[in-house]
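If you're wondering where the values come from, they're calculated on a predicted model, not measured in any experiment.
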Amino acid sequence: MLSGKRILLGITGSIAAYKSAGLVRLLVKAGAEVKVVMTPAAREFITPLTLSTLSKNPVLLDLVKDESGQWTNHVELGLWADVFVIAPASANTVAKMANGLCDNLLLATYLSARCQIFFAPAMDLDMLKHESTQANIKKLISAGNELINPTYGELASGLTGHGRMAEPEEIIDRLKSFFSAHQPLKGKKALVTAGPTYEAIDPVRFIGNNSSGKMGFAIAEELAKQGAAVILISGPTHLQTTHPRIKIINIVSADEMHRAATYHFPQVDMAVLSAAVADFKPAQKATQKIKKTDAGLNIELIKNPDIAADLGKMKKEGQYIVGFALETENELANAQKKLQAKNFDLIVLNSLKDPGAGFSHDTNQVSLISPTHPVKEISLRSKKEIAIEIVKALTELHA
Ligand code: CTP
């Protein structure tokens, strides 16, 4: 249940921080990917070295890393995480979370995270009972955060009462039940095409394009996050994915992508076709490197297979296809035509007019068009955030 899950663990200044080491160990053992963010006070109780060793990831400590001005991107961190677990959550951090304070990396991440937040308070019994703390906890719960109740027992103060942080095993159980209930695409299979295709001219040259593959990889990651098993057919990119539910098939040419996509499509519930497939390929690939001549060179191009159109023809009841359109004029009308012609259920219209959108950028600006819903405009934002919107729309279609 936790295999491949991305757990961001926030540790604050409480003696219960020693239990966080055990929690990290159990999470890693269960197959989760764990990153730890600590407040300055937490470092008084447990060392980052212990946690980086157990989590196999550098521990995140400061908003600004060093004098060079390098900073930790708390927004990216929040987007990376499937859940953010703050354990132990001290009275001070609970109060700051409830009131929107933001004076360390953990709090900045909390404020920008979109994933589910869990918090496991740990403090002395009177601090916990205090009406301010109780009001803060209530406020956090009403904002949608999940409380992992502190338990009864002996406390560091020597007193006995409520205030002990829940045991790591209990926290793990809470996460397991959360994930089993929050995976709308659990048991579904998805196919994603991504990146460019390269069409060989001779052994060293090709016709290609500037597609980075970032959009397709982000979609594959998001589909996997929502529980789907993903086959990602990718053209040449520098990108990698480590999600255990993503199987990557590397191809080079449109013909290879076509073969892989048509082979796997009958077994999947949905396909997202984000690859920038070359429409044409050289009629012949020269077996030797073409030498330059004074006469110039003409290369005859022939049409590549249209993968999207072929999958659209193969589509059966219960299967859904999302396609992309890149248009420079009559954008909406052309995208709608493409939606029908290729038998898509949803088309993502990329606008090249906006700076920061499209190929190579980390951001994009799109419109989602389907035959059944009004057009949904999504303003300029990161490709990961666009992927979340696309997968949400696809999940709604599939519901
Ligand atoms: N596509 C595909 N195979 C191709 C060409 C395109 O699978 N040979 C897919 C793309 O991945 C995208 C959609 O079809 O999801 C639209 O691609 P686009 O290039 O914008 O449309 P074309 O049909 O090629 O039309 P045109 O280039 O004339 O706009």
Enquirer: Nearest heavy-atom pair of L346 and S370: which atoms, and what distance?
Expert: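 The pair with the smallest heavy-atom distance is CD1-CB, 3.8 Å.
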Enquirer: Side chain of D202, backbone of I290: donor and acceptor closer than 3.5 Å?
Expert: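 Pair found, side chain donor or acceptor close to backbone of I290.
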Enquirer: Please report the closest heavy-atom contact between F118 and Q116, naming both atoms and the distance.
Expert: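 In terms of heavy atoms, the two residues are closest at CE1-CG, 3.7 Å.
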Enquirer: Of all heavy-atom pairs between A276 and S211, which one has the smallest distance, and what is that distance?
Expert: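 Of all heavy-atom pairs spanning A276 and S211, the closest is CB-CB, 3.7 Å.
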Enquirer: Mark yes or no for whether N209, through its side chain, and A278, through its backbone, hold a donor-acceptor pair below 3.5 Å.
Expert: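 No.
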Enquirer: Under 6.0 Å from the NZ atom of K189, do we count more than 12 heavy atoms belonging to anything else shown?
Expert: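 Atom NZ in K189 is not crowded, with 12 or fewer foreign heavy atoms closer than 6.0 Å.
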Enquirer: Is the number of heavy atoms from other residues, nucleotides or ligands under 6.0 Å of Q340 CD greater than 12?
Expert: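 Incorrect, the count does not exceed 12.
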Enquirer: Tell me whether I15 is reachable from M165 by hopping between hydrophobic residues (I, L, V, M, F, W, Y) whose side-chain heavy atoms are closer than 4.5 Å.
Expert: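 No, M165 and I15 fall in different hydrophobic clusters.
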Enquirer: Linking I/L/V/M/F/W/Y whenever any side-chain heavy atoms sit under 4.5 Å apart, do L394 and I388 land together?
Expert: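 Different clusters: L394 never reaches I388 through Ile, Leu, Val, Met, Phe, Trp or Tyr contacts under 4.5 Å.
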Enquirer: Answer yes or no: is there a donor N or O on one side and an acceptor on the other, between the side chain of R381 and the main chain of S379, under 3.5 Å?
Expert: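 Such a contact is found between R381 side chain and S379 backbone.
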Enquirer: Tracing side-chain links under 4.5 Å among I, L, V, M, F, W and Y, which residues wind up in one group with I321?
Expert: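 Besides I321, the hydrophobic cluster comprises L191, I231, I233, I249, I251, M257, F265, V268, L273, V277, I307, L311, M314, L332, L339, F344, I347, L349, I369, V375, listed by chain and residue number.
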Enquirer: What residues join F206 in its hydrophobic cluster, counting side-chain heavy atom gaps under 4.5 Å, either direct or through other members?
Expert: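 Result for F206 is Y198, V252.
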Enquirer: Test K214 against N364 for side chain to side chain donor-acceptor pair (under 3.5 Å), laying out the working first.
Expert: CA-CA 10 Å; K214 285 177 187 164; N364 210 359; over 6 Å; no
Enquirer: Return yes if some donor-acceptor pair links the side-chain N/O of N104 with the main-chain N/O of T39 below 3.5 Å, else return no.
Expert: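 Not confirmed, N104 side chain does not pair with T39 backbone.
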Enquirer: Please, which pairs that meet side-chain hydrogen bond (donor to acceptor under 3.5 Å, both in side chains) have at least one residue in residues 278-301, sequence neighbours excluded?
Expert: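 Every pair satisfying side-chain hydrogen bond (donor to acceptor under 3.5 Å, both in side chains) with a residue in residues 278-301: D255-K281.
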Enquirer: Can you list the residues that meet the side chain to side chain donor-acceptor pair (under 3.5 Å) rule with N149, with sequence neighbours excluded?
Expert: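 Expected list: none.
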Enquirer: Is the backbone N or O of L140 less than 3.5 Å from a side-chain atom of N145, with the two atoms forming a donor-acceptor pair by type?
Expert: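 Yes, because the side chain of N145 sits within donor-acceptor range (under 3.5 Å) of the backbone of L140.
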Enquirer: Measure across A275 and A194 and return the closest heavy-atom pair with its distance rounded to 0.1 Å.
Expert: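 That closest heavy-atom pairing would be CB-N, 3.7 Å.
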Enquirer: Under the rule for side chain to side chain donor-acceptor pair (under 3.5 Å), what residues qualify as partners of H264, not counting sequence neighbours?
Expert: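 None.
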Enquirer: Please give the remaining members of the hydrophobic cluster of L159, linking ILVMFWY side chains under 4.5 Å, ordered by chain and number.
Expert: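 Its cluster partners, ordered by chain and number, are L125, L155.
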Enquirer: Listed by chain and number, what are the side chain to side chain donor-acceptor pair (under 3.5 Å) partners of T151, not counting sequence neighbours?
Expert: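 If we apply the side chain to side chain donor-acceptor pair (under 3.5 Å) test to T151, skipping adjacent residues, there are no hits.
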Enquirer: Distance alone, cut at 3.5 Å: any donor-acceptor contact between the side chains of N136 and K96?
Expert: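 The criterion, which ignores hydrogens and geometry beyond distance, is not satisfied for K96 and N136.
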Enquirer: Inspect the contact between E167 and K19 and indicate whether a charged nitrogen and a carboxylate oxygen are less than 4.0 angstrom apart.
Expert: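 So K19 pairs with E167 through a salt bridge.
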Enquirer: Compute whether any side-chain donor of one residue and acceptor of the other, for D124 and S157, lie under 3.5 angstrom apart.
Expert: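 Yes, S157 and D124 have a side-chain donor paired with an acceptor closer than 3.5 Å.
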Enquirer: Closest heavy-atom contact between Y18 and I46?
Expert: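 It is CA-CD1, 4.2 Å.
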Enquirer: Say whether W80 and I246 are linked into one hydrophobic cluster, either directly or through other cluster members, by side-chain heavy-atom distances under 4.5 angstrom.
Expert: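 Cluster IDs for W80 and I246 differ.
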Enquirer: Quick one about T197 and E199 (side-chain donor to acceptor, distance below 3.5 Å, no hydrogens or angles considered), yes or no?
Expert: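 Per modelled atom types, E199 and T197 side chains form a pair under 3.5 Å.
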Enquirer: Is there a path of hydrophobic side-chain contacts, each under 4.5 Å between heavy atoms of I, L, V, M, F, W or Y residues, that connects F179 with I148?
Expert: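 F179 and I148: one cluster.
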Enquirer: Does this structure show an ion pair linking E389 with K376, if we count only N-O contacts that are shorter than 4.0 Å?
Expert: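 Yes, E389 and K376 are salt-bridged.
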Enquirer: T47 and T50: side-chain donor and acceptor closer than 3.5 Å?
Expert: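 Yes - a donor-acceptor pair under 3.5 Å links their side chains.
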Enquirer: When you measure from the side chain of T133 to the backbone of K129, do you find a donor-acceptor pair of N or O atoms at a distance under 3.5 Å?
Expert: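 Between the backbone of K129 and the side chain of T133 there is no qualifying donor-acceptor contact (under 3.5 Å).
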Enquirer: Assigning hydrophobic clusters by single linkage (Ile, Leu, Val, Met, Phe, Trp, Tyr; side-chain heavy-atom cutoff under 4.5 Å), is F45 placed with L54?
Expert: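 No, separate clusters.
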Enquirer: If you look only at pairs with a residue in residues 228-240, which of them pass as a side-chain hydrogen bond (donor to acceptor under 3.5 Å, both in side chains), with sequence neighbours excluded?
Expert: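 Sorted result for residues 228-240: empty, none.
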Enquirer: If you look only at pairs with a residue in residues 172-181, which of them pass as a salt bridge (Lys or Arg N to Asp or Glu O under 4.0 Å), with sequence neighbours excluded?
Expert: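 Every salt bridge (Lys or Arg N to Asp or Glu O under 4.0 Å) pair that includes a residue of residues 172-181, provided the two are not neighbours, is E146-R174.
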Enquirer: Examine distances only and state if a side-chain atom of S382 and a backbone atom of E385 form a donor-acceptor pair shorter than 3.5 Å.
Expert: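 Here the side-chain-to-backbone pair exists.
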Enquirer: Taking only residues two or more places apart in sequence, or in another chain, which ones meet K186 in a side chain to side chain donor-acceptor pair (under 3.5 Å)?
Expert: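 Per chain and number, K186 pairs via side chain to side chain donor-acceptor pair (under 3.5 Å) with no residue.
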Enquirer: Can you tell me if K383 uses its side chain to pair, donor with acceptor, with the backbone of M215 under 3.5 Å?
Expert: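 No.
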Enquirer: Verify, without hydrogens or angle tests, whether K35 (side chain) and V59 (backbone) share a donor-acceptor contact under 3.5 angstrom.
Expert: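 No: the side chain of K35 does not pair with the backbone of V59.
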Enquirer: Donor-acceptor pairs are to be reported for all side-chain atoms of residues 83-90 against protein atoms at under 3.5 Å, with residues two or more places apart or in another chain.
Expert:
residue: S90; atom: OG; partner: T93; partner atom: N; Å: 3.2
residue: S90; atom: OG; partner: T93; partner atom: OG1; Å: 3.4

Enquirer: Apply the test side chain to side chain contact (heavy atoms under 4.5 Å, CB included) to residues V36 and L60: give CA-CA distance (whole Å), side-chain angles for both, the deciding distance (0.1 Å), then the verdict.
Expert: CA-CA 6 Å; V36 175; L60 303 149; over 6 Å; no
Enquirer: Could you tabulate the donor-acceptor pairs under 3.5 Å formed by side-chain atoms of residues 219-227, not counting sequence neighbours?
Expert:
residue: E221; atom: OE1; partner: R6; partner atom: NH1; Å: 3.1
residue: E221; atom: OE1; partner: R6; partner atom: NH2; Å: 2.9
residue: E221; atom: OE2; partner: T241; partner atom: OG1; Å: 2.7
residue: E222; atom: OE2; partner: Q226; partner atom: NE2; Å: 2.8
residue: K225; atom: NZ; partner: L79; partner atom: O; Å: 2.9

Enquirer: Charged N to carboxylate O under 4.0 angstrom, R164 versus E154?
Expert: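 No salt bridge links R164 with E154.
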Enquirer: Where the side chain of Q319 meets the backbone of K316, is there a donor-acceptor pair that is under 3.5 Å apart?
Expert: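 It does hold such a pair.
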